[in-house]
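Input: a single structure, listed below in structure tokens.
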Amino acid sequence: MRMYDLIEKKKRGGSLSAEEIAYMVREFVAGDIPDYQMSAMLMAVYFKGMDDREITDLTLEMAHSGDMVDLTPIEGIKADKHSTGGVGDKTTLVTGPIVAACGVKVAKMSGRGLGHTGGTVDKLESIPGFKTAIPRDEFFRIVNENGLALIGQSGNMVPADKKLYALRDVTATVDSIPLIASSIMSKKLAAGSDCIVLDVKTGSGAFMKSLEDSISLAREMVSIGTLAGRRCCALITNMDVPLGHAIGNSLEMEEAIETLKGRGPEDLTCVSLELAANMLHMAGKGDMEQCRKLAKGAMKDGSALKCLKSMVESQGGDGRYVEHPDLFAKAPLSREVRAPEAGCITHMDTEGIGVASVMLGAGRNKKEDTIDYSAGILLRKKYGDRVEAGETMAVLYASHEELFGPAAEKFLASCTLGKQKPEPEPLIFARVS
Ligand code: URA
């Protein structure tokens with residue numbers, strides 16, 4: 001078999017057989033298919049798509065490209081969640097501790113920032129000392145003791161996704177249903193949890209911009225999960241507007257902690273609680289109403305915050321940051337972005353706002369780039385808000401003065417001002433099970 005022929009076949013819209021997919025994944029992971037050939041294949045898949053059988057074969061092959069985690073040393077039902085990626089999406093940092101505080105184990109592998117979206121691993125690493133790579137036994141022990149551990153894709157887990165994810169990030173091949181579905185579900189299947197709740201983002205800041213595509217992605221992933229014997233459902237949530245007010249790693253950590261203290265923005269609180277309630281429901285903790293009450297209770301009585309603090313300490317981080325989030329390092333420079341005219345914000349190009357935060361140093365342009373944890377954006381105004389001419393719409397944070405001009409320009413170009421207050425949009429559009 002030759003990779004050249006497989007690229008040619010996919011370029012012409014053909015369907016790759018199970019053997020061809022197995023060959024491609026195996027040889028790519030072994031380093032015998034170079035990045036340039038895999039990049040061509042990714043672009044061919046982007047344009048020609050894959051059928052359901054190909055997506056399932058690709059997912060299973062990727063999941064088995066490395067170690068499959070056996071979570072049986074962790075007692076009880078294990079629940080996992082995964083977001084398809086968004087701007088300001090720090091729900092894992094809120095939802096994980098809530099679910100664990102309600103007695104359901106969360107042994108979660110998270111990702112790094114991808115394209116214009118942030119990643120939980122980068123956010124957690126803004127806590128001094130926090131380790132996202134820990135030995136397997138240690139991971140199990142922490143989950144058994146705390147109910148929760150959040151780590152990166154460590155060791156030899158899903159190496160196929162590690163390599164593909166990094167390549168897609170720099171070849172403009174992220175927003176493809178087969179590639180997102182196989183990337184996410186291979187990690188979820190390899191990570192071994194019994195229940196999986198998928199947060200499929202939709203709108204201008206999501207990889208899937210239309211509700212229709214988001215529902216197709218959700219159906220694809222739920223079907224792969226169910227076929228693999230897991231309890232699986234998906235929520236389609238709004239990413240037409242950044243979630244919460246903070247974008248950027250340590251800024252988002254601070255906001256997640258405030259949310260666990262009950263003082264978070266309404267949208268972030270609502271989506272996090274609903275995801276948590278679905279995880280609890282999947283894990284058999286009761287009907288949806290009972291699970292919503294449980295989730296709210298864990299936020300209100302402080303048990304979820306306590307759980308986050310003990311997880312941070314168990315993973316080598318400084319727990320004082322959870323109690324006093326003002327300890328997070330602040331960017332040395334800040335710049336206010338002011339409204340050029342009066343009006344209402346009628347549209348936010350949320351991807352553009354994510355790109356502006358990457359331009360400030362909060363994300364990566366190339367896979368080798370390092371992140372400035374303190375860089376990012378605090379939104380003062382969001383979709384539907386009225387602004388006066390010259391009023392502050394957002395504050396930008398960075399470590400180098402020259403980053404502000406282009407980022408401010410990108411931010412302003414991403415916000416549309418109009419005369420009329422727009423209709424409010426739903427936060428959660430649908431549930432797919
Ligand atoms: N998140 C993932 O883990 N993979 C993708 O492809 C997109 C978002």
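Heavy-atom basis, side chains included; hydrogens, waters and symmetry copies ignored. On a predicted model such as this, the values are computed, not experimentally measured, just so you know.
Note: Leu378 CG to Glu336 CD = 11.0 Å, rounded to the nearest 0.5 Å. Atoms OH and CD1, from Tyr46 and Ile177 in turn, are 10.5 Å apart once rounded to the nearest 0.5 Å. Interatomic distance, Ser182 OG to Leu189 CG, rounded to the nearest 0.5 Å: 11.0 Å. Between the NZ atom in Lys81 and the CG atom in Leu198 there is a gap of 9.5 Å [rounded to 0.5 Å]. Taken to the nearest 0.5 Å, the CD1 atom of Ile236 stands 11.0 Å off from the CE atom of Met208. Atom NZ of Lys201 and atom CG of Leu235 lie 9.0 Å apart (nearest 0.5 Å).
Listed for the Ser303 side chain is no donor-acceptor partner under 3.5 Å among the backbone atoms of Met299. A distance-only check finds no donor-acceptor pair linking the side chain of Thr173 to the backbone of Asp169 [under 3.5 Å]. Looking only at distances, a side-chain donor or acceptor of Lys10 sits under 3.5 Å from a matching main-chain atom of Gly49. Of the possible polar contacts, one joining the Asn238 side chain to the Pro426 backbone as a donor-acceptor pair under 3.5 Å is found. In terms of modelled atom types and a separation under 3.5 Å, the side chain of Ser357 and the main chain of Ala362 share no donor-acceptor contact. Remark: the backbone N or O of Gly85 is paired with a side-chain donor or acceptor of Ser83 at under 3.5 angstrom. Looking only at distances, a side-chain donor or acceptor of Ser204 sits under 3.5 Å from a matching main-chain atom of Asp240. Between the Thr95 side chain and the Thr92 main chain, no donor and acceptor come within less than 3.5 Å of each other. One N or O on the side chain of His64 and one on the backbone of Leu60 form a donor-acceptor pair closer than 3.5 Å.
Checking each of Asp199, Thr84, Thr91, Thr202 against Thr237 for a side chain to side chain donor-acceptor pair (under 3.5 Å) leaves exactly one that passes, namely Asp199. If you run side-chain contact (heavy atoms from CB on, under 4.5 Å) between His245 and each of Arg380, Glu255, Lys381, only Glu255 comes through.
Taking the centre and axis of the six-membered ring of Tyr397, the NZ or CZ atom of Lys330 falls outside the cone set by 45° and 6.0 Å.
The side chain to side chain donor-acceptor pair (under 3.5 Å) test applied to Thr269 returns no partner, not counting sequence neighbours. For Asn278, the side chain to side chain donor-acceptor pair (under 3.5 Å) test picks out Arg431, with sequence neighbours left out. A search for side chain to side chain donor-acceptor pair (under 3.5 Å) contacts involving Asp385 returns nothing, not counting sequence neighbours. Residues forming a salt bridge (Lys or Arg N to Asp or Glu O under 4.0 Å) with Lys410 (at least two apart in sequence, or on another chain): none.
Contact of the Cys415 side chain with the Met393 side chain is registered, since non-hydrogen atoms from C-beta on lie closer than 4.5 Å. Looking only at side-chain heavy atoms (C-beta outward), Met41 and Lys11 stay at 4.5 Å or farther from each other. Ile377 has its side chain within reach of Leu360: a pair of non-hydrogen atoms, C-beta onward, lies under 4.5 Å apart. No side-chain heavy atom of Arg335 sits less than 4.5 Å from a side-chain heavy atom of Val395. By the 4.5 Å heavy-atom criterion applied to side chains, Pro340 and Leu417 are counted as neighbours. The shortest distance between side-chain heavy atoms of Cys233 and Met282 falls below 4.5 Å. Residues Val312 and Asp318 fail the side-chain proximity criterion, which asks for heavy atoms closer than 4.5 Å. Using a 4.5 Å cut-off on side-chain heavy atoms (C-beta onward), Met50 and Thr56 make no contact.
With a 6.0 Å radius and a threshold of 12 heavy atoms from other residues, nucleotides or ligands, Lys296 has its NZ atom at or below the threshold. Applying the 6.0 Å contact sphere to CD of Glu402 captures more than 12 heavy atoms from other residues, nucleotides or ligands. Heavy-atom neighbours of Lys9 NZ from other residues, nucleotides or ligands within 6.0 Å: above the threshold of 12. When the shell of 6.0 Å around CD of Gln420 is examined, it contains 12 or fewer heavy atoms from other residues, nucleotides or ligands.
Considering every non-hydrogen atom in both Thr350 and Pro242, the closest pair reads OG1-CD, 3.5 Å. Here the shortest heavy-atom pairing between Val170 and Ala166 reads CG2-O, 3.5 Å. Here the shortest heavy-atom pairing between Met221 and Val200 reads CE-CG2, 3.7 Å. Taking every heavy atom of both residues into account, Lys187 and Asp161 meet most closely at NZ-OD2, 3.0 Å. In terms of heavy atoms, Cys102 sits closest to Leu280 at CB-CD2, 3.6 Å. Across all non-hydrogen atoms, the minimal contact from Gly244 to Lys90 is CA-NZ, 4.2 Å.
Of the charged side-chain nitrogens involved, none lies within less than 4.0 Å of a carboxylate oxygen, so that Glu61 and Arg26 do not count as a salt-bridged pair. Here Glu323 does not pair with Arg320 in a salt bridge; the nearest charged N to carboxylate O distance is not below 4.0 Å. Classification of Lys78 and Asp80 as a salt-bridged pair fails, no side-chain N sitting under 4.0 Å from a carboxylate O. At a threshold of 4.0 Å, the pair Arg386-Glu388 counts as salt-bridged, since one of the basic side-chain nitrogens sits closer than that to a carboxylate oxygen. Under the 4.0 Å criterion applied to side-chain N and carboxylate O atoms, Asp213 and Lys209 are not assigned as salt-bridge partners. Contact check on Glu391 versus Arg338 returns no salt bridge, with no Lys/Arg side-chain nitrogen under 4.0 Å from an Asp/Glu carboxylate oxygen. A salt bridge is defined here as a Lys NZ or Arg NE, NH1 or NH2 lying under 4.0 Å from an Asp or Glu carboxylate O, and Lys48 with Glu54 fails to meet this definition.
Residue pairs meeting the ring-ring contact (aromatic ring centres under 6.0 Å, His included) criterion with at least one member in residues 319-359, sequence neighbours excluded, are Tyr321-Phe328.
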*Please step through side-chain contact (heavy atoms from CB on, under 4.5 Å) for the pair Asn249 and Ile371, ending with a clear verdict.*
CA-CA 9 Å; Asn249 299 288; Ile371 280 187; 3.4 Å; yes
*Hey, mind stepping through Ser176 and Arg168 against side chain to side chain donor-acceptor pair (under 3.5 Å) and telling me if it holds?*
CA-CA 10 Å; Ser176 143; Arg168 288 168 55 213; over 6 Å; no
For residues 115-127, run the donor-acceptor check on the side chains, cut-off 3.5 Å, and write out each pair with its distance to 0.1 Å, sequence neighbours left out.
from   : atom 1 : to     : atom 2 : distance (Å)
His116 : NE2    : Gly205 : O      : 2.8
Thr117 : OG1    : Leu114 : O      : 2.7
Asp122 : OD1    : Arg112 : NH1    : 2.9
Asp122 : OD1    : Arg364 : NH2    : 2.9
Asp122 : OD2    : Gly113 : N      : 2.8
Asp122 : OD2    : Arg364 : NH1    : 3.1
Lys123 : NZ     : Asp89  : O      : 2.8
Lys123 : NZ     : Glu252 : OE1    : 2.8
Glu125 : OE1    : Arg112 : NH1    : 2.9
Glu125 : OE1    : Arg112 : NH2    : 3.4
Glu125 : OE2    : Arg112 : NH2    : 3.2
Glu125 : OE2    : Thr132 : OG1    : 2.5
Ser126 : OG     : Lys123 : O      : 2.6

